[in-house]
*Asks:* 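Submitted below is the structure of interest, expressed as C-alpha cells.
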Amino acid sequence: MKRILTFFLCGLLAVSVASAQRRRPDAPLPKWEGLAETPQMGWNSWNKFATEINEELIKATADKMVELGLVDAGYVYLNLDDGWHGERDAQGFIHEDPVKFPSGIKALADYMHARGLKLGIYSDAGTNTCACYAGSSGHEYQDAFTYAQWGIDYLKYDWCYTQNLNPIGAYTLMRSALRRAGRPILFSICEWGSNRPWEWAADVGHSWRTTGDIGVAFLPVPVTFDENGRPRWRPQSVLEILDQNEPLRAYAGPGHWNDPDMLEVGNGMSVSEDRAHFTLWCMMAAPLILGNDLTNMSDETLAIITNRDVIAIDQDPLGIQGLRLMKKGDLQYWFKPLQDGAWAFCLLNAGPEDAAVELDWEKLEFKDDISGRSPEFAKVNYQAKDLWNAAAKPFTTRVKGKKRGQTVGAKTSVVVPSHDVLTLRLTPMQ
Ligand code: GLA
C-alpha cells in the first residue's frame with residue numbers, strides 16, 4: 001500500500017513539475033549574445049534627416065557606404081530611425097510607410113545584405129514614438145517577429161510616451177521578444193540615461209544611451225525660457241556629454257556599451273571640433289553611428305570618419321572605456337588602455353586659444369582601477385605615433401640620459417589648436 005502511495009505521489013509531483021514548466025512560456029529570455037563585442041559602427045538617419053527618409057535616400061546611403069570604403073572601415077549597420085512607419089493593420093501588424101518605402105522594408109534589408117551591410121530599425125517602448133508614429137507597447141512580440149521576418153539586424157528602442165511603464169520591465173520584454181523571434185538583433189536601448197540603465201541593462205541590451213540628444217554643438221547651448229518661464233528643451237553639446245558619460249566607464253564592456261549618442265561629424269561644427277568629437281567618442285569606446293549626409297560630404301569629414309588608427313582605439317578588443325585623468329583649465333588629459341600593453345592618449349583643448357603644452361610623461365603616471373594597469377612611464381619607453389598627423393615622425397616617451405645606456409623621462413612640447421585634440425598611440429618598446 002505504502003509503495004502504491006509513493007508511486008502515486010511521485011507521479012503527481014512529476015505531472016505538476018511538468019505543467020509548472022509548461023505554464024511559464026513567457027519567462028524572460030536572455031539577450032542575443034555575441035553581438036557588439038566591440039562598439040557597434042554604422043549610420044543612422046536621425047541627426048541629419050529626422051523623419052524625412054525614404055527608400056531612395058537609404059539606398060543611396062548604402063551605395064556610398066560601400067563606395068567610400070566605410071563598410072571596409074567597419075561601419076556595417078545602416079539604421080532607419082523614427083519615421084519609417086506606416087499603419088498597423090487589423091491584426092495589429094506594423095507596416096512601412098508605403099509612399100516612403102514602396103518596395104517594402106524586407107526588400108531594403110535584402111539590398112543591404114547583398115552589399116555586406118546590415119539593416120537597423122527604430123521603435124519605442126511606449127504607445128508612440130517620439131515623432132508620434134506607432135510605438136510597440138502591447139505589440140512587442142508581434143513587432144519583433146515582423147522585424148525578424150523582414151531581416152532586420154538592429155533595433156533602437158526609444159522611451160517616449162511610456163507613461164507609467166517600468167523601464168526594466170519594458171526593455172526586458174522587448175529583449176525576450178527579440179530572442180523569441182529567432183533572429184540575432186542588436187538591441188540598442190535609448191532612454192537617455194533617465195533610469196540609470198548602466199546599473200541594470202548589461203544583460204538586457206547591447207548599449208544604452210547615457211544622455212539626452214546630442215546637437216551640432218561643441219560648447220553648451222545656452223538655456224532659453226518659454227513664455228511661462230520654463231526652460232526650453234536644448235540639445236546636449238559634445239563637452240557636456242563627455243562630463244556625463246566619462247564617470248560611467250566601469251559599466252561598459254564587450255557586448256554592453258555606454259552610448260553617448262550618435263555622431264554629428266560633418267553636420268556643421270568646425271573640422272577641428274569634428275575631429276575632437278570623433279576622437280573622444282573613440283576614447284570612450286562609444287558606438288560609432290554616423291549621422292551626416294554620406295551622399296554629400298567634404299573630404300575633411302571623410303578623412304575624419306575613416307581614420308583607421310583612431311577607429312582602432314574605439315574597436316580595441318580589450319573593450320575598456322577610456323578615462324579622463326585630469327582637467328587643467330581648458331585642457332583635458334585622456335587615456336585608454338589598449339591590447340598588448342599599449343595606451344591611447346588624447347589631449348583635448350576645449351578653450352578658445354591654441355595651447356602650447358609640455359608633456360612631462362613621468363608626471364602623468366597613474367593607476368587605472370578598471371584595467372588594473374599603470375603606464376609606468378618611469379620604466380617603460382613608449383613609441384608615440386600622432387594619429388591625426390601622418391607626416392609627423394614618431395617619438396618616444398623616454399630619451400637617452402647623460403650616463404651610458406641610461407634613459408630618462410622625456411618632456412614633449414606640443415601645440416594643440418583651440419577645440420582640437422592631440423591623439424597618440426603609445427606602444428611599449430622592447
Ligand atoms: C529621441 C531619440 C533620438 C531620435 C528621436 C526620434 O529623441 O533620443 O535619438 O531617435 O527620438 O524621434
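In each ligand, atom 1 is the first atom listed, and ligand 1 is the first ligand listed. All residue numbers refer to positions in the sequence shown, counting from 1. This is a predicted model, so every value here is computed, not measured.
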*Asks:* Is the contact between T51 and ligand 1 made by the side chain, the backbone, both, or neither, using heavy atoms and a 4.0 Å cut-off?
*Replies:*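 No part of T51 is near ligand 1 at this cut-off.
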*Asks:* Would you indicate whether the side-chain heavy atoms of W46 and C130 approach each other to under 4.5 Å?
*Replies:*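 Heavy-atom side-chain distance check fails, nothing below 4.5 Å.
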*Asks:* At less than 4.0 angstrom from any non-hydrogen atom of R209, what atoms of ligand 1 do you find?
*Replies:*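 That gives atoms 8 (O), 9 (O) of ligand 1.
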*Asks:* Evaluate W192 for polar contact with ligand 1, using N/O atom pairs at a separation under 3.5 Å.
*Replies:*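 Between W192 and ligand 1, an N or O pair is found under 3.5 Å apart.
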*Asks:* Give the residue and atom name of whichever protein heavy atom lies nearest to atom 10 (O) of ligand 1, and the separation in Å to one decimal.
*Replies:*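 Heavy-atom neighbour on the protein nearest atom 10 (O) of ligand 1: D81 OD1, 2.7 Å.
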*Asks:* Examine W84 together with Y133 and report whether their ring centres are nearer than 6.0 Å.
*Replies:*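 No: the rings miss the under 6.0 Å criterion.
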*Asks:* Hey, what's the ring geometry for Y171 with Y157, parallel, tilted or perpendicular (30° and 60° as the breaks)?
*Replies:*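 Perpendicular: the ring planes of Y171 and Y157 meet at over 60°.
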*Asks:* For atom 3 (C) of ligand 1, grab the closest protein heavy atom and report residue, atom and distance to one decimal in Å.
*Replies:*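 In this structure, atom 3 (C) of ligand 1 has D213 OD2, 3.4 Å as its nearest protein heavy atom.
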*Asks:* I'd like to know whether the aromatic ring centres of F187 and H206 sit less than 6.0 Å apart in this structure.
*Replies:*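 For F187 and H206, the ring centres are not under 6.0 Å apart.
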*Asks:* Considering non-hydrogen atoms of the protein only, which is the closest contact for atom 11 (O) of ligand 1, and what is the distance?
*Replies:*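 Its nearest protein heavy-atom neighbour is D158 OD2, 2.8 Å.
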*Asks:* Taking E376's backbone N and O only, do any of them form a donor-acceptor pair with E365's side chain (distance below 3.5 Å, no angle check)?
*Replies:*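 Checked: pair present.
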*Asks:* Taking S237's backbone N and O only, do any of them form a donor-acceptor pair with E240's side chain (distance below 3.5 Å, no angle check)?
*Replies:*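 Here the side-chain-to-backbone pair exists.
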*Asks:* Heavy-atom contacts with A131 under 4.0 Å: which atoms of ligand 1 show up? List them by number with element.
*Replies:*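 Counting atoms of ligand 1 from 1, those under 4.0 Å from A131 are 12 (O).
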*Asks:* Which residue supplies the protein heavy atom nearest to atom 12 (O) of ligand 1, what is that atom called, and how far is it?
*Replies:*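 I find the closest protein heavy atom is D82 OD2, 2.7 Å.
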*Asks:* Does R425 make a cation-pi contact with W343 (under 6.0 Å, within 45 degrees of the axis)?
*Replies:*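 The answer is no; the distance or angle limit is not met.
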*Asks:* Are D368 and R249 within salt-bridge range, i.e. N to O under 4.0 Å?
*Replies:*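 A salt bridge is present here (some side-chain N lies under 4.0 Å from a carboxylate O).
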*Asks:* Between ligand 1 and W159, can you find any atom pair, the residue atom being a heavy atom, that is separated by under 4.0 Å?
*Replies:*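 Under 4.0 Å: no for W159.
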*Asks:* With backbone taken as N, CA, C and O and side chain as the heavy atoms from C-beta onward, which portion of C190 lies under 4.0 Å from ligand 1: side chain, backbone, both, or neither?
*Replies:*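 C190 to ligand 1: side-chain contact only, backbone stays beyond 4.0 Å.
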*Asks:* Just need the protein heavy atom nearest to atom 9 (O) of ligand 1, so name the residue and atom and give the distance.
*Replies:*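 Nearest protein contact, heavy atoms only, for atom 9 (O) of ligand 1 is K156 NZ, 2.8 Å.
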